[in-house]
Asker: 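This is the structure I have questions about; it appears just below.
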There are 2 protein chains.
Amino acid sequence: MDKLSLGTLGQHLQTLRQAQGWSLSQLAAAAGIAKSNLSRLEQGNGNPTLDTIWRLAVQLKVPFGTLVAPIAVPLGEDGVEVRLLDQGKDRPQVDAYWMRCAPHTLRLAEPHTPGARESLILISGTLEAGPEGDTRTLSAGDTLTFAADRPHLYRTEDTWATLLLSVVYQEESPS
Amino acid sequence: MDKLSLGTLGQHLQTLRQAQGWSLSQLAAAAGIAKSNLSRLEQGNGNPTLDTIWRLAVQLKVPFGTLVAPIAVPLGEDGVEVRLLDQGKDRPQVDAYWMRCAPHTLRLAEPHTPGARESLILISGTLEAGPEGDTRTLSAGDTLTFAADRPHLYRTEDTWATLLLSVVYQEESPS
DNA sequence: ATAGAACGTTCGTTAAAAGGAACAGCTCGA
DNA sequence: TCGAGCTGTTCCTTTTAACGAACGTTCTAT
């Protein structure tokens, strides 16, 4: 099963803090914890208490699980890291993923169910993606939607690529 | 803001455990923690470590946040909950958000920097979104890209709406 | 009844998380 | 150039969460 990685928690803490313009000292003071404590956590050392995590989550205005959930790293054998962000509960069914590809990696994806479509939003880096034989090259900020009921691929060259990905499964015709 | 209630954690811990037919000793052993530890937690005393919570969440097969914040904490003043997913480090700068809107809510957004664009992927529900006066209605799986350097809005009717949102900031011309 | 094996509790000990002060580095203004 | 103020780090100390063994229960089987 998933193992607890403290390093990613630290990175995420730091990212959130800086994104909201806090300094380490400020956040620690606001949360009511010692800044030595926060410093250690951001470095990936230590094993925070629920109380500590809670105080930080409140100040960062994050639903708590966000602080630590991204630790789950389902796969990564091929230089690709994927995490499930959300699953729609409507029809059609939609799965939302966050995905990061290392440089010089190629990920081949099997066809999804008939009629399925994928939409990508590239956050950083450069990525070639799409159905085999009909791929596009995206740079940061670009979006792409394509039919995912055929074999498709994701390929990086010299850079990392980070993207949001959604899979829309075609509604089944109620015969 | 919300305060950490230790009692509720204990109750939920016990409820989940019993619902799955575990005994306290069994769960403690499976999770690899001392049963004295688990006992104390269920009684509402104590302040568990992230490692401890993690091990329990894995065994109980709950998404972690469920253990602590059983009821989702929509920390939106206006019925809108937003979390930062990621920030691109390239040019152009891209911010990625996850967003959930309660039924019958209207969110008005100020213009971003000139040239900024937003892309949406709707995960579930129905949402009307876009620049003021030029909005589109999206259903699950739909995508939309629009200029975000004008006032724009997000509006729900009878349903919740969950979506991914990215803001692409136009690269500044280095004068 | 009675030994056995579970259950969940309570205790003292130990490992470690949190606190607090001192530290080096940097920026800004006098 | 000096100092005041901030950044984040690294110690050392105090607090406390986690451990492990012992305990009082209850239930079953012999």
Side-chain angles (χ1 to χ4, degrees), chain A residues 1-60 62 64-71, chain B residues 1-60 62 64-70 84 87 89:
Chain A
M1 186 61 185
D2 308 316
K3 188 130 192 305
L4 176 57
S5 159
L6 309 124
T8 18
L9 167 69
Q11 292 177 8
H12 213 72
L13 261 176
Q14 194 167 39
T15 301
L16 282 168
R17 172 172 67 79
Q18 292 173 342
Q20 300 183 22
W22 293 80
S23 80
L24 189 148
S25 314
Q26 286 176 324
L27 176 56
I33 65 173
K35 59 178 181 176
S36 59
N37 190 9
L38 179 54
S39 174
R40 206 163 359 89
L41 292 180
E42 286 194 355
Q43 292 172 34
N45 314 322
N47 178 15
T49 287
L50 177 58
D51 179 72
T52 297
I53 310 172
W54 184 268
R55 288 161 178 258
L56 290 173
V58 167
Q59 290 302 322
L60 292 171
V62 173
F64 184 95
T66 306
L67 220 43
V68 62
I71 286 169
Chain B
M1 186 62 187
D2 309 314
K3 188 133 193 299
L4 176 56
S5 163
L6 358 87
T8 21
L9 169 68
Q11 291 176 6
H12 275 265
L13 220 42
Q14 193 168 41
T15 302
L16 281 169
R17 173 173 66 80
Q18 292 172 343
Q20 300 184 23
W22 293 80
S23 81
L24 188 147
S25 313
Q26 286 176 324
L27 176 57
I33 65 173
K35 58 179 182 177
S36 58
N37 190 9
L38 179 54
S39 174
R40 199 161 18 81
L41 292 180
E42 287 194 355
Q43 292 170 34
N45 315 322
N47 178 16
T49 287
L50 177 57
D51 180 72
T52 298
I53 309 172
W54 182 267
R55 288 162 179 256
L56 289 172
V58 167
Q59 290 302 322
L60 292 171
V62 291
F64 185 95
T66 307
L67 267 188
V68 181
L84 179 67
Q87 286 191 306
K89 296 184 173 60

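Side-chain atoms are counted along with the backbone in the values below, which use heavy atoms only and exclude waters and symmetry mates. Sequence lines set the chain letters: A, B, ... in the order given, protein chains first and strands last, and positions in each chain run from 1.
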Asker: Scan A:Ser23 against the nucleic acid and name what it touches under 4.0 Å (heavy atoms): base, sugar-phosphate only, or nothing.
Answerer: sugar-phosphate
Asker: In the structure I gave you, are the side-chain heavy atoms of B:Gln59 and B:Gln20 within less than 4.5 Å of one another anywhere?
Answerer: no
Asker: Would a 4.5 Å heavy-atom cut-off, applied to side chains only, mark A:Leu38 and A:Ile33 as touching?
Answerer: yes
Asker: Whole-Å distance between C:dA18 P and A:Asp51 CG?
Answerer: 8 Å
Asker: What is the distance from CD of A:Gln14 to P of D:dG8, rounded to the nearest Å?
Answerer: 9 Å
Asker: For A:Asn47 and C:dA15, what is the distance between atoms CG and P respectively, to the nearest whole Å?
Answerer: 16 Å
Asker: Assign B:Ile33 to base, sugar-phosphate, or nothing according to its heavy-atom contacts below 4.0 angstrom with the strands shown.
Answerer: sugar-phosphate
Asker: Can you check whether A:Pro48 reaches B:Thr49 side chain to side chain, under 4.5 Å on heavy atoms?
Answerer: no
Asker: If only atom types and distance count, is the side chain of B:Arg55 paired as donor or acceptor with the main-chain N or O of B:Ala31 below 3.5 Å?
Answerer: yes
Asker: Should B:Ile53 and B:Leu9 count as side-chain neighbours, where that means a heavy-atom distance under 4.5 Å?
Answerer: no
Asker: Report yes if at least one side-chain N or O of B:Gln43 is closer than 4.0 Å to OP1 or OP2 of C:dG8; otherwise report no.
Answerer: no
Asker: Under 4.0 Å, counting only non-hydrogen atoms across every strand here, what does A:Arg55 touch: a base, just sugar-phosphate, or nothing?
Answerer: nothing
Asker: How close or far is atom C1' of C:dA18 from atom CD1 of A:Ile53, stated in whole angstroms?
Answerer: 13 Å
Asker: Nearest to the side chain of B:Ser36, which nucleotide is it out of C:dA18, D:dT9, C:dC11?
Answerer: C:dC11
Asker: Does A:Gln26 offer a backbone N or O that forms a donor-acceptor pair with the side chain of A:Ser23 under 3.5 Å?
Answerer: yes
Asker: Nearest-Å distance, CG (A:Asn37) to C1' (D:dT9)?
Answerer: 14 Å
Asker: Taking N and O atoms by type only, does the side chain of B:Ser39 place a donor or acceptor under 3.5 Å from a partner on the base of C:dG8?
Answerer: no
Asker: Fill in the dot-bracket string of DNA chain C, one character per base: . for unpaired, | for a pair to another strand, ( ) or [ ] for pairs within the strand, taking Watson-Crick or G-U pairs under 3.5 Å.
Answerer: |||||||||||||||||||||||.||||||
Asker: Could you state the atom-to-atom distance from CG of B:Leu24 to C1' of C:dA6 in whole Å?
Answerer: 13 Å
Asker: Is the backbone of A:Asp51 close enough, under 3.5 Å, to the side chain of B:Asn47 for a donor and an acceptor to pair up by distance?
Answerer: yes
Asker: Classify the side chain of B:Arg40 versus the base of D:dA17 as yes if they form a donor-acceptor pair under 3.5 Å and no if they do not.
Answerer: no
Asker: Taking atom P of D:dG20 as reference, at what distance in whole Å does atom NZ of B:Lys35 sit?
Answerer: 12 Å
Asker: Rounded to whole angstroms, how far apart are CG on B:Asn45 and C1' on C:dT9?
Answerer: 12 Å
Asker: Does A:Trp22 or B:Thr49 map to a spot on DNA chain D nearer the 5' end, using the closest nucleotide for each?
Answerer: A:Trp22
